[in-house]
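These numbers were taken from a predicted model, which means no experiment stands behind them. What's counted below: heavy atoms across the whole structure, side chains too, no hydrogens, waters or symmetry copies.
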Amino acid sequence: MSYRVRFTEEAEADLIRLYDFILDREDADWAVADRALQAIKAGIRTLELTPFTCRKAEGGSAFLRELVIPFGAAGYVALFEIDNAETITVLALRHQRESDYH
């Protein structure tokens, strides 16, 4: 079984924000930004096959979950919902050092 993964507009904006954050730093590095993007994409691809292996989101239902995406010393977290037996929706993305989702 394979799930279709889709993004909310907010999650797409988060992805752009995270990418731009790397490039806006004083020591901006295109290679690091591209590697971060590839790490996030690879993590999201795992949701196509094994979304239930991800941890349950705090206070949420069994279908609201978080995917931890390792990258460097910290990484990223994707908040997603398993909509049905065919579809997953990524609701938000954040760096692990951010305080929470918005």
Side-chain angles (χ1 to χ4, degrees):
M1 169 182 253
S2 181
Y3 292 84
R4 181 176 66 92
V5 178
R6 62 186 183 161
F7 286 74
T8 62
E9 287 182 20
E10 293 83 3
E12 288 178 357
D14 286 341
L15 188 58
I16 293 167
R17 177 184 55 81
L18 292 168
Y19 186 79
D20 287 345
F21 176 79
I22 295 171
L23 295 178
D24 289 342
R25 294 175 22 189
E26 189 174 304
D27 60 343
D29 187 336
W30 285 94
V32 172
D34 286 338
R35 285 196 315 272
L37 186 59
Q38 293 308 313
I40 292 169
K41 286 181 179 181
I44 296 299
R45 279 194 299 274
T46 66
L47 297 179
E48 294 173 358
L49 299 175
T50 58
F52 283 101
T53 61
C54 299
R55 69 184 182 199
K56 292 179 186 174
E58 189 174 312
S61 75
F63 300 103
L64 186 64
R65 295 186 172 245
E66 294 179 319
L67 168 67
V68 176
I69 303 167
F71 183 75
Y76 301 94
V77 179
L79 178 68
F80 68 95
E81 185 168 26
I82 302 167
D83 299 322
N84 53 47
E86 300 170 350
T87 309
I88 290 171
T89 302
V90 177
L91 305 170
L93 290 160
R94 69 174 164 90
H95 191 275
Q96 286 181 339
R97 293 186 179 152
E98 286 183 77
S99 59
D100 63 6
Y101 300 103
H102 29 201

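Here the straight-line distance linking atom CG of Asn84 with atom CZ of Arg4 works out to 8.5 Å at 0.5 Å rounding. Atom CD in Glu66 sits 13.0 Å away from atom NZ in Lys56 (nearest 0.5 Å). Rounding to the nearest 0.5 angstrom, the gap separating the OG1 atom in Thr53 from the CG atom in Leu67 is 8.0 Å.
Looking at heavy atoms from C-beta onward, Tyr3 lies out of side-chain contact with Leu49 at the 4.5 angstrom threshold. A 4.5 Å side-chain heavy-atom check between Ile82 and Leu47 finds every atom pair outside the cut-off. Residues Ile88 and Glu81 form no side-chain contact, since every pair of their non-hydrogen atoms from C-beta on lies 4.5 Å or further apart. You'll find the side chain of Val90 stays beyond 4.5 Å of the side chain of Arg6, heavy atoms only.
The minimum heavy-atom distance between Ala39 and Pro70, with the atom names listed, is CB-O, 4.1 Å. Residues Ile69 and Gly43 share a closest heavy-atom pair of CG1-CA, 4.3 Å. Between Ala11 and Ala92 the shortest heavy-atom distance is CB-N, 3.9 Å. When all heavy atoms are compared, the tightest approach of Ile22 to Val32 is CG2-CG1, 4.0 Å. Nearest approach of His95 to Tyr76, heavy atoms of both residues: CD2-CE2, 3.6 Å.
Hydrophobic cluster membership differs between Ile16 and Leu18, with clusters built from Ile, Leu, Val, Met, Phe, Trp and Tyr side chains linked at under 4.5 angstrom. By the criterion of side-chain heavy atoms lying less than 4.5 angstrom apart, applied directly or through intervening Ile, Leu, Val, Met, Phe, Trp or Tyr residues, Val68 is not grouped with Ile40; the two fall into different hydrophobic clusters. When the side chains of ILVMFWY residues are joined at heavy-atom separations under 4.5 Å, either directly or via intervening members, Phe71 and Phe21 end up in two distinct hydrophobic clusters.
A donor-acceptor pair shorter than 3.5 Å can be found between the side chains of Tyr19 and Asp34.
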Inset, instruction - Carefully, step by step, assess Phe80 and Ile44 under the rule side chain to side chain contact (heavy atoms under 4.5 Å, CB included). - result: CA-CA 10 Å; Phe80 68 95; Ile44 296 299; over 6 Å; no

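A side-chain contact (heavy atoms from CB on, under 4.5 Å) with Phe7 is found for one member of Asp14, Leu93, Thr89 and no other, namely Leu93.
Remark: side-chain polar atoms of Arg94 are not paired, donor with acceptor, to backbone N or O of Val77 under 3.5 angstrom. A donor-acceptor distance shorter than 3.5 angstrom exists from the side chain of Arg65 to the backbone of Phe52, with no hydrogens or angles considered. At distances below 3.5 Å, at least one donor-acceptor pair connects side-chain atoms of Thr50 with backbone N or O atoms of Thr46. Proximity of a side-chain donor or acceptor of Thr8 to a complementary backbone N or O of Leu91 within less than 3.5 Å is detected.
A salt bridge does not link Arg17 to Asp20: none of the charged nitrogens lies less than 4.0 Å from a carboxylate oxygen.
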